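Source: prediction; values computed, not measured.
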Amino acid sequence: MPAGRNVVILLEPLHRHPKAWERPEEFDIDRWLPERKKEHHPSAYKPFGNGERACIGRQFALAEARLALAMLLRRFAISDRDAYRMKVKQTLTLKPEAFTIQVRARKHHERGHFTPEVTEQVEESTVAVSGVALTVAYGSNLGTSADIAERLAERAGRSGFTVTLTSLDELQAPSGGALVVVTSTYNGKAPDNAQAFDAAGISGFEGVRLALLGVGNTTWPTYQGFPRRAFGKLVGAGAVPLVERGEADADGDFDGDVSAWTAKLRAALAKEYGATSADAGPRYDMEVLTEADVRPAIVSAQAVPLTVVANEELTGDPTGLWDFSLEAPRPGVRSIVATLPEGVTYTAGDHVAIFAKNDPGLVEWALRTLRVPREQVVRLHARGNTHLPVGTPVTAGLLLSEFAELQQVATRADLARLAEHTECPWTRGQLDAVDYAEEILAKRVSVLALLERFPALTLPLPVFLELAGPIRPRYYSISSSPLASPGQVRITVGLVEGEAWSGSGDYRGMCSAYLASLQPGDVFYGYIRVPGPPFRLPDDPETPVILIGPGTGLAPLRGFLEERALTGGGAELFYGCRHPSHDWLYRDEVQAWETAGIVRVHTAFSALAGHRFVQDAVAAEADRVWELLGRGAHVYVCGDGLRMAPAVRQTLATIYAERTGGDGEAWLHGLEAEGRYQQDVFA
């Protein structure tokens with residue numbers, strides 16, 4: 001098929017193709033059981049399309065369908081008394097024609113709890129070896145893969161392996177033994193600490209037994225892109241698979257995926273290197289010390305102190321501006337300026353990785369729930385690697401404030417550990433019978449919430465610390481230029497607040513709440529991070545730039561505007577928010593730059609009549625955008641990566657197609673390759 005030819009896919013015959021489907025004309029709902037879906041040909045079923053042109057409403061539609069069906073089936077018994085045979089009616093969508101059902105309310109006894117069939121479990125194997133080399137390597141941006149790798153390394157060390165824990169970039173070919181890799185991906189690219197591994201050729205892995213777990217999210221079209229590539233690269237260098245490559249989906253049962261793959265790995269290690277009983281005691285033990293023994297603990301080897309200069313609210317009072325039932329106002333946005341230590345520099349477009357502390361109210365709740373005094377001083381001792389301060393006297397309050405994630409969702413393994421710490425049969429029964437997916441995962445229920453719900457649980461602090469993960473850094477785009485204020489950095493922080501999904505109290509984002517509470521003179525810890533790929537202005541200040549970023553997506557774009565105000569050159573800004581009197585961030589500065597001729601501003605206000613979004617503002621200025629692109633303009637998009645960024649991309653592709661008749665998506669790929677289309681987006 002020659003390049004450039006238009007192709008029309010007929011979905012209805014595709015979905016009934018005999019080469020892809022057994023008994024294609026038969027309705028068989030069991031085709032969609034999770035274990036059966038893996039048998040489907042990847043191109044046999046495309047009701048929503050796929051790739052970057054896929055339906056952006058897919059996840060909402062599927063979630064809405066699940067919720068609607070669950071609510072209906074719980075309350076009503078539904079039957080098809082006429083044995084209906086499918087006759088398709090086509091309007092905007094396909095639907096059955098003249099299909100009626102009989103419905104009656106379910107009786108109380110018909111609403112019993114459904115107990116799902118338990119899938120086959122891989123037997124837990126405890127390995128005890130001596131001197132066998134095991135390398136655990138990770139590729140991780142946000143810390144999830146690194147945390148999984150750390151736990152695997154810790155347990156392997158307890159089992160007698162000679163363990164090396166390293167990032168993929170620092171991985172050296174082992175002389176033998178086993179290699180375990182846990183890695184994520186970002187838009188199909190390698191994580192920050194695996195990019196050198198991805199780019200370089202490797203050798204010397206002959207005979208090394210390999211196990212690899214890929215972490216990702218199936219809502220992204222590049223799901224498992226880098227893990228597949230890394231697995232193939234290592235096998236090509238001579239590594240021999242010990243277990244099949246694993247996949248953990250953050251949009252599904254992530255904990256279940258990780259647990260199942262880990263169990264297979266342990267079973268394979270037991271078979272390969274021999275299995276006997278090993279010490280499976282608690283990871284930590286603890287001694288209580290006096291206040292006089294306390295010494296400061298190091299927050300992070302990477303972190304440097306940043307001193308707050310200013311912390312200002314950017315949003316205004318929304319009262320009376322619009323109907324909140326249509327769209328809620330923002331909880332708040334803070335502009336924070338901090339002083340950098342001597343010698344620390346950055347470039348406009350970089351990030352600050354910030355190590356936050358837990359909210360004092362949340363820490364008090366944790367201490368109360370765990371029944372531990374705040375000022376109790378302890379010294380932790382750990383077996384293997386850990387993120388906690390070991391061998392250092394520290395108060396329980398400091399431990400929970402600065403080293404443990406208190407709001408992370410409880411895992412299935414956590415439920416099992418909790419059941420071990422109660423003498424109450426009723427409590428154990430409740431924990432055993434809980435519907436994990438519906439009652440824990442969907443509602444984001446934490447271990448602390450479970451301790452509060454079941455007061456008969458008595459969880460020792462060392463065990464809780466073992467269940468809690470480390471406080472990971474949060475990334476914020478820098479909103480300033482070092483040319484304007486050398487030695488200072490500005491960040492824009494959108495507050496995350498709302499009713500907790502668990503139904504217990506309110507939820508506040510950990511880092512945003514922490515930063516919002518800081519006062520001038522306060523110190524927080526972080527480091528400068530260059531995003532991959534870098535988010536950078538063109539070297540020539542005369543090169544036109546098109547800046548697109550609604551809401552807090554303006555954060556790095558403000559830094560670009562501040563730099564252009566000093567270096568010369570113009571900019572075109574497309575900015576969207578709810579209401580200009582409520583959440584137009586940095587409004588006075590932006591309008592002053594516009595008056596000075598630095599930038600032309602195009603706005604979109606979703607709470608005003610017409611409900612314009614930023615992509616609509618781009619479409620309205622299609623001629624101007626096309627003119628700038630013809631002059632070599634660079635495009636920068638920042639903000640929501642699930643809805644806004646794809647919508648803006650589609651708008652630009654349409655502008656190109658309407659003016660050239662060409663493939664807009666291929667054109668955008670070309671701009672990306674040239675560095676003229678850059679994104680700094682978040683999920």
Side-chain angles (χ1 to χ4, degrees), residues 147 151 154 255 281-291 293-294 297 299 355-383 386-428 430-432 434 436 439-440 443-472 500 502-510 513-514:
D147 184 39
R151 290 172 182 266
E154 183 275 329
D255 173 63
R283 185 177 179 183
Y284 303 108
D285 56 32
M286 179 178 77
E287 59 179 304
V288 177
L289 306 175
T290 65
E291 183 71 26
D293 297 316
V294 177
V299 174
F355 294 88
K357 298 180 183 180
N358 285 304
D359 182 79
L362 185 62
V363 174
E364 290 299 332
W365 177 49
L367 292 166
R368 184 172 64 253
T369 305
L370 292 165
R371 301 161 194 168
V372 176
R374 166 179 280 278
E375 301 305 325
Q376 186 177 80
V377 182
V378 302
R379 179 185 285 130
L380 289 174
H381 304 282
R383 301 179 180 181
T386 176
H387 58 277
L388 297 175
V390 294
T392 302
V394 61
T395 64
L398 185 62
L399 263 179
L400 297 180
S401 295
E402 300 191 17
F403 296 99
E405 286 273 5
L406 302 182
Q407 299 185 90
Q408 68 184 18
V409 181
T411 66
R412 289 184 176 85
D414 293 342
L415 297 180
R417 292 298 300 275
L418 289 174
E420 297 171 1
H421 291 277
T422 182
E423 297 181 0
C424 173
W426 179 86
T427 299
R428 281 197 296 269
Q430 291 291 305
L431 291 172
D432 290 341
V434 70
Y436 178 81
E439 299 179 36
I440 306 297
K443 297 181 179 180
R444 313 287 299 172
V445 176
S446 66
V447 169
L448 290 175
L450 290 170
L451 291 175
E452 184 175 63
R453 184 185 303 177
F454 301 111
L457 293 171
T458 54
L459 193 68
L461 179 59
V463 177
F464 174 77
L465 293 173
E466 184 174 349
L467 302 184
I471 292 179
R472 303 182 183 93
S502 65
S504 176
D506 295 327
Y507 176 85
R508 302 181 71 200
M510 175 189 175
Y514 166 69

Rounded to the nearest 0.5 Å, what separation is found between the [atom1] atom of [X] and the [atom2] atom of [Y]?
| X | Y | atom1 | atom2 | result |
| --- | --- | --- | --- | --- |
| T392 | R379 | OG1 | CZ | 8.0 Å |
| D255 | Y436 | CG | OH | 4.0 Å |
| T422 | L459 | OG1 | CG | 11.0 Å |
| D414 | S446 | CG | OG | 10.0 Å |
| L451 | L448 | CG | CG | 6.0 Å |
| Y514 | E402 | OH | CD | 7.5 Å |

Please report the closest heavy-atom contact between [X] and [Y], naming both atoms and the distance.
| X | Y | result |
| --- | --- | --- |
| L457 | L418 | CD2-O, 3.1 Å |
| W365 | A449 | CH2-N, 3.7 Å |
| L467 | Q408 | O-NE2, 3.2 Å |
| G397 | V363 | O-CG1, 4.0 Å |
| L400 | L465 | CD2-CD2, 4.2 Å |
| I440 | A410 | CG2-O, 3.6 Å |

Quiz item: What residues, two or more places apart in sequence or in another chain, satisfy salt bridge (Lys or Arg N to Asp or Glu O under 4.0 Å) together with R472?
Solution: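 In terms of salt bridge (Lys or Arg N to Asp or Glu O under 4.0 Å), with neighbours along the sequence ignored, R472 is linked to D147.
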Quiz item: Hey, mind stepping through R453 and L450 against side chain to side chain contact (heavy atoms under 4.5 Å, CB included) and telling me if it holds?
Solution: CA-CA 5 Å; R453 184 185 303 177; L450 290 170; 4.2 Å; yes
Quiz prompt | V378 side chain near V394 side chain, heavy-atom distance below 4.5 Å | solution =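 Counting from C-beta outward, V378 and V394 do come under 4.5 Å.
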Quiz item: So, do L399 and P389 sit near enough that their side-chain heavy atoms are less than 4.5 Å apart?
Solution: yes
Self-check item: Electrostatic pair E420:R417 at N-O distance under 4.0 angstrom
Solution: yes
Practice problem: Any chance you could lay out the side chain to side chain contact (heavy atoms under 4.5 Å, CB included) test for M510 and D359, step after step, and finish with the verdict? | Solution: CA-CA 7 Å; M510 175 189 175; D359 182 79; over 6 Å; no
Quiz item: Passes side chain to side chain contact (heavy atoms under 4.5 Å, CB included), F454 versus W426? Steps please.
Solution: CA-CA 10 Å; F454 301 111; W426 179 86; 3.9 Å; yes
Exercise. Just do the side chain to side chain contact (heavy atoms under 4.5 Å, CB included) check on E364 and R374 with the steps written out, would you?
Key: CA-CA 8 Å; E364 290 299 332; R374 166 179 280 278; 2.7 Å; yes
